Amino acid sequence: MTLALGCIADDYTGASDLANTLTRAGLRTVQTIGVPAADLALPEVDAVVVSLKSRSIEAGLAVTRSRAAENWLRGRGAAHILFKICSTFDSTDAGNIGPVMDALRADSGDPIVLVTPAFPETGRTVYQGNLFVGSVPLNESPLKDHPLNPMHDSNLVRVLARQSRTKVGLIDLATLGRGVEAVRAKLADLAAKGIGAAIVDAVFDRDLETIGQVALDHRVSVGASGIGLGLARALVAGGTVKADAASALPDVAVGGPAACLAGSCSQATLQQIANAEQVMPVLHLDPERVVTGKDEVQRALAWAKDRIKDRTGDGPILIASSATPDEVAGLQSRHGRDAAGHAIEQAMADIAEGLVQAGVRRLVVAGGETSGAAVDRLRIPGFLVGAEIAAGVPVLRAVGMTSGDMLLALKSGNFGGPEFFSDALALMR
Ligand code: ADP
């Protein structure tokens with residue numbers, strides 16, 4: 001297998017978003033959890049997105065892990081590697097965007113790297129090097145108060161220069177508007193001046209296509225899902241990839257018992273659980289008992305096992321820890337926010353593990369952290385990305401599992417329509 005595109009994402013949800021974007025653009029895409037084993041068996045795909053958790057760790061560690069991902073992707077033939085960062089450029093002056101970019105550029109031999117977090121369809125645009133979040137510059141957006149990476153400067157040329165060993169230049173919108181050749185000439189000009197990275201303006205979708213075409217001349221680029229979309233479209237337009245993402249999915253249904261887990265306490269999820277009560281048995285965990293012992297997990301698994309026999313009329317089921325804001329606040333004040341959250345995530349992971357051991361092959365999980373805990377516990381090496389259930393939430397087919405095929409749907413709290421659980425299961429055959 002020769003990958004047309006390799007991606008290294010600095011967090012899991014960003015990786016899922018990119019993998020979904022590439023799939024929608026027609027690329028057969030696998031997302032892996034961490035750097036895969038050397039011998040991971042993959043179906044024939046166009047792109048692999050390696051998910052790391054390297055956004056806020058120490059810079060040297062982020063570089064080491066990114067390089068391990070790079071080696072794996074190059075080993076599978078990836079001619080181009082996208083380092084996927086957050087579309088709000090989340091980072092500090094200590095990194096990690098600059099240090100990882102410097103390392104990947106050094107390994108690739110590229111004189112200059114294109115960098116843009118722009119993704120106009122989600123309101124992230126870059127003009128004169130300044131990143132806008134919706135209608136306001138980054139430093140006036142809620143990101144100025146981010147707990148880990150507060151962003152106080154919207155000028156990405158300056159931000160990146162503070163993190164990188166190379167000088168940083170700008171490809172402005174006017175140059176972009178003059179087309180691919182103008183951008184190539186400007187890049188060559190910057191590279192000749194010893195500038196190793198260029199922030200690229202992008203305000204419209206078509207700008208991403210120009211950027212994608214030019215980026216493919218290089219071995220590395222840096223950006224969010226927007227440049228991923230540009231690269232995917234350029235690969236399809238250039239004939240390197242046939243836009244046929246669905247062909248990667250095996251025709252055979254996975255079948256088997258189905259279960260849903262909800263750890264998200266978002267408004268949307270609470271409504272989705274209420275609607276699910278009409279069509280499937282729902283067990284509401286007692287959060288107090290979850291935090292104080294293991295009995296609640298055992299009770300949930302015993303309840304589930306009685307109901308997930310794979311016979312017509314049996315299953316699916318839903319197990320939820322979700323509670324109203326007042327109940328959540330009460331539990332947090334008794335046990336501490338982090339301790340309560342962590343205990344419930346681990347209990348949900350225990351339940352996911354028990355369900356799969358009991359034969360569940362189709363699993364829907366609501367909640368970003370809850371999904372992460374479940375996927376880590378199940379030791380799923382990666383996913384083939386399938387059809388979208390709701391915007392940003394695809395059906396995932398596990399790859400590289402020794403215990404056989406499995407389908408998952410993982411959603412962040414606010415995603416999905418009111419019938420999300422039924423919608424998901426209808427597509428997870
Ligand atoms: P979302 O995607 O909606 O943010 P997450 O799963 O990321 O959902 O986060 C929800 C957090 O709330 C998790 O840490 C989870 O363990 C915790 N949690 C779940 N149920 C409760 C509850 N009843 N009380 C307090 N915290 C809870």
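Everything numeric here is computed off the predicted structure, so don't read it as measured data. Read the numbers this way: they start at 1 and go in the same order the structure lists the ligands and their atoms.
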Salt bridge check: are [X] and [Y] linked by an N-O gap of less than 4.0 Å?
| X | Y | answer |
| --- | --- | --- |
| Arg105 | Asp110 | no |
| Asp46 | Arg28 | yes |
| Lys294 | Asp350 | yes |
| Arg361 | Asp405 | no |

What protein heavy atom lies closest to [atom]? Include the residue and the distance to one decimal.
| atom | answer |
| --- | --- |
| atom 6 (O) of ligand 1 | Thr370 OG1, 2.6 Å |
| atom 1 (P) of ligand 1 | Gly413 N, 3.7 Å |
| atom 27 (C) of ligand 1 | Ile344 CD1, 3.5 Å |
| atom 10 (C) of ligand 1 | Gly263 O, 3.5 Å |
| atom 3 (O) of ligand 1 | Ser264 OG, 2.7 Å |
| atom 16 (O) of ligand 1 | Gly341 O, 2.9 Å |
| atom 24 (N) of ligand 1 | Leu331 CD2, 3.4 Å |
| atom 20 (N) of ligand 1 | Ser321 OG, 2.9 Å |

Check: Roughly how far apart are Leu231 CG and Leu216 CG, rounded to 0.5 Å?
Finding: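 One finds 5.5 Å between CG of Leu231 and CG of Leu216.
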How about [X] and [Y]: does a side-chain donor come under 3.5 Å of a side-chain acceptor?
| X | Y | result |
| --- | --- | --- |
| His218 | Ser108 | no |
| Asp102 | Ser164 | yes |
| Ser91 | Asn149 | no |
| Thr269 | Ser266 | yes |
| Gln128 | Asp201 | no |

Which ligand 1 atoms, with their elements, are less than 4.0 angstrom from a heavy-atom of [X]?
| X | answer |
| --- | --- |
| Val328 | 24 (N), 25 (C) |
| Glu369 | 5 (P), 6 (O), 7 (O) |
| Ala323 | 23 (N) |
| Ser412 | 2 (O) |
| Gly368 | 1 (P), 2 (O), 5 (P), 6 (O), 7 (O), 8 (O) |
| Pro287 | 23 (N) |

Notebook entry, point to check: Mind checking whether Glu345 has a heavy atom under 4.0 Å from ligand 1?
Noted result: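 Flag set, Glu345 near ligand 1.
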Notebook entry, point to check: Is there a heavy atom of Ala340 sitting under 4.0 angstrom from any atom of ligand 1?
Noted result: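 Contact check Ala340 vs ligand 1: negative.
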